[in-house]
Amino acid sequence: MRAHVIALIDCTSFYVSCERVFQAALHNRPTIVLSNNDGCIVALSSEAKKLGLKRGQPLFKYQQLIRKHGVQVYSSNYSLYQEMSARVMDVLVRFSPRLEVYSIDEAFLDLSSLSIEDLAEFGRTIKARVLQYTGIPVRVAIAPTRCLAKIACELVKDDPRYGDVLDLTGFTGQQLDEALARVPIEDVWGIGHKYARFLRNYGIATARDLRNADERWIRRHLTVVGARIQAELQGTACLPLEVKRPPKQQIVCAKSFGREVTSRPELEEAVSTYTARVAEKLRAQDSLCGRLSVFLRTNPFERDGEPYANEFTIDLLHPTSFTPELTRQALAGLRAIYREGYHYKKAGVALSHITPLPVVQPDLFGEVTLGEHYRQARLMAIVDAINRIFGRDTLYFAVQGIARDWRMRQAMLSPPFTTRWDDILTI
DNA sequence: CGGCGTTAG
DNA sequence: TATTCTAACGCCG
């Protein structure tokens, strides 16, 4: 069997790059994109990194720095990023049908069966084509396993001399050894801050140390996840590509409010809105759910004021994806845990016990007849279609509220460059 | 099977 | 003044 060849394509500062595609003036200027609610920094341009801004940090820490250097600040515009991501993936899949969309800004390409002469040259072609067709800059890292491709990507990030493309497949044992020794243990894929601390205590400080560590010891202390990482670092592929993403087993919508909320009606609006959203996602993957949880909490960072957090889980009598039914259950759950007088900061709804939509299974729905089930499904299909075509919330349920001024802050949103129909109609 | 801990992006 | 969100997986009781 031929050796594996895996390419990792990673979009550079993806959210920032998306904003830049449509606003040439942002190039070369320090630019950042914020999390939901404009709270934390989630993406930074290289210029912003040089100023000392850090991913994950709250914005307020940097107000001075931002003003002083004219840092360009944007709220997250997920519909824009999703659209740009789809365009990037469309370009990539033409290089190989064996594409795994790993995240919004990353993909793995299986090049094993393509017998390419010069992989680095191929990587440069990928980079050039994605840039030409989408305006998004990417890095391309090529290796015999996914984990080694991740290592290559770290090396590329740290050294501009690679020009955003690196192929490890041709490396000698000695070259690979030196490369692995340059990657700190916390930058190894799958090693988070806890494991990194633990491993450093035992003198395992680089990717090379982990590759060479005692295998039984790794298995014992880092579980099979660690054992797989180690095998992949040794060149044995054991994390297969998932070209078809399996349906989600859990679907959650949980958001902080733009301000503190105390009244029950407003919480009901929020919970209804989140329920409509998770139900929509559930239907989009052709599933039903058997369990719903609703939770709420006060601001955990608030020093004064009584903290309160609670959650309520409901096992549904029959699997469903019907928004009105899920909303009824969610509001009943909310009633069970709502307490007067608290300053709520966040609420959420989660669907679980998810099953694929059955083709025919007449007794599945208990009290709800099959005919009633199909009627509900058709109704929701129409609602989904209208919202897909005319934009989110073109059609929504009255319980979700009209004013909804508890919604998250997005004060610095860029215009909808790619989704013209947004926000046109409210019915 | 559910809760918890860890990780990723 | 101000502190993201979503999802998966392994282990353990």
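Every chain is numbered from 1, with letters handed out A, B, ... down the list of sequences.
The side chain of A:Q249 lies closest to C:dA8, out of C:dA8, C:dT3, C:dT6. Nearest to the side-chain atoms of A:N299 among the listed nucleotides C:dT3, C:dC11, C:dT4 stands C:dT3.
When ring centroids are compared, A:Y15 and A:Y78 come within the 6.0 Å threshold.
Whole-Å rounding puts the A:Q64 CD to C:dA2 P distance at 18 Å. Straight-line distance from the CZ atom of A:F60 to the C1' atom of C:dT3: 6 Å, rounded to whole Å. Counting to the nearest Å, the P atom of C:dT3 and the CD atom of A:Q63 are 13 Å from each other. Look at CZ on A:F257: it is 17 Å from P on C:dA2, rounded to the nearest Å. Regarding A:H343, its NE2 atom lies at a distance of 18 Å from the P atom of C:dT1, rounded to whole Å. Straight-line distance from the CD atom of A:Q82 to the P atom of C:dT6: 13 Å, rounded to whole Å. Here the C1' atom of nucleotide C:dC9 and the NZ atom of A:K248 are 16 Å apart, to the nearest Å. Distance, A:L282 CG to C:dA7 P: 11 Å, rounded to whole Å.
Not one N or O on the side chain of A:T236 forms a donor-acceptor pair closer than 3.5 Å with the backbone of A:Q234. Under the 3.5 Å distance criterion, the side-chain polar atoms of A:K345 are left unmatched by any main-chain donor or acceptor of A:E260. In terms of modelled atom types and a separation under 3.5 Å, the side chain of A:S112 and the main chain of A:D110 share no donor-acceptor contact. Using modelled atom types, one side-chain atom of A:S272 and one backbone atom of A:E268 make a donor-acceptor pair closer than 3.5 Å. Without hydrogens or angle criteria, A:E232 side chain to A:R146 main chain gives a donor-acceptor distance under 3.5 Å.
Near DNA chain B, defined here as any heavy-atom distance below 4.0 Å, the residues from residues 194-208 of chain A are A:K194, A:Y195, listed numerically. Taken residue by residue, residues 133-153 of chain A places no heavy atom nearer than 4.0 Å to DNA chain C. Residues from residues 226-245 of chain A lying near DNA chain B, meaning a heavy-atom separation below 4.0 Å, are absent.
Two residues, A:T223 and A:A254, neighbour DNA chain C, and the one matched to the more 5' nucleotide by heavy-atom proximity is A:A254. Residues A:P247 and A:G39 each lie close to DNA chain C; by heavy-atom proximity, the contact nearer the 5' end of the strand is made by A:G39.
Residues A:R87 and A:Y133 have side chains not in contact (no heavy-atom distance under 4.5 Å, counting atoms from C-beta outward). Put simply, the side chain of A:T145 does not reach to within 4.5 Å of the side chain of A:H4, judged on heavy atoms. Between A:L199 and A:L222, some side-chain heavy-atom pair lies under the 4.5 Å cut-off. Looking at heavy atoms from C-beta onward, A:S76 lies in side-chain contact with A:V42 at the 4.5 angstrom threshold.
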Hey, can you pull the donor-acceptor pairs under 3.5 Å for the side chains in residues 181-194 of chain A, sequence neighbours left out?
unit_1: A:E186; atom_1: OE1; unit_2: A:R200; atom_2: NE; d: 3.2
unit_1: A:E186; atom_1: OE2; unit_2: A:R200; atom_2: NE; d: 3.3
unit_1: A:E186; atom_1: OE2; unit_2: A:R200; atom_2: NH2; d: 2.7
unit_1: A:W189; atom_1: NE1; unit_2: A:Y102; atom_2: OH; d: 3.3

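Within 4.0 Å (heavy atoms only), A:I251 reaches sugar-phosphate atoms of the nucleic acid but no base atom. Counting any heavy atom pair closer than 4.0 Å across all strands shown, A:V188 reaches sugar-phosphate atoms only and no base atom. Within the nucleic acid shown, A:L34 has no heavy atom closer than 4.0 Å to any nucleic acid atom.
Within 6.0 Å of CZ in A:R216 there are 12 or fewer heavy atoms belonging to other residues, nucleotides or ligands. Crowding of A:Q64 atom CD: a count of heavy atoms from other residues, nucleotides or ligands under 6.0 Å not exceeding 12.
For C:dC5, the OP1/OP2 oxygens have a side-chain nitrogen or oxygen of A:S256 closer than 4.0 Å. Dashed line: the shortest gap from a side-chain N or O of A:K346 to OP1 or OP2 of C:dT4 is not under 4.0 Å.
Reading DNA chain B from its 5' end, the first and the last nucleotide to sit under 4.0 Å from a heavy atom of chain A are B:dG2 to B:dG9.
Taking the side-chain contact (heavy atoms from CB on, under 4.5 Å) definition, one finds that A:S321 meets it with A:L282, A:R283, A:L288, sequence neighbours left out.
A salt bridge is defined here as a Lys NZ or Arg NE, NH1 or NH2 lying under 4.0 Å from an Asp or Glu carboxylate O, and A:R259 with A:E266 meets this definition.
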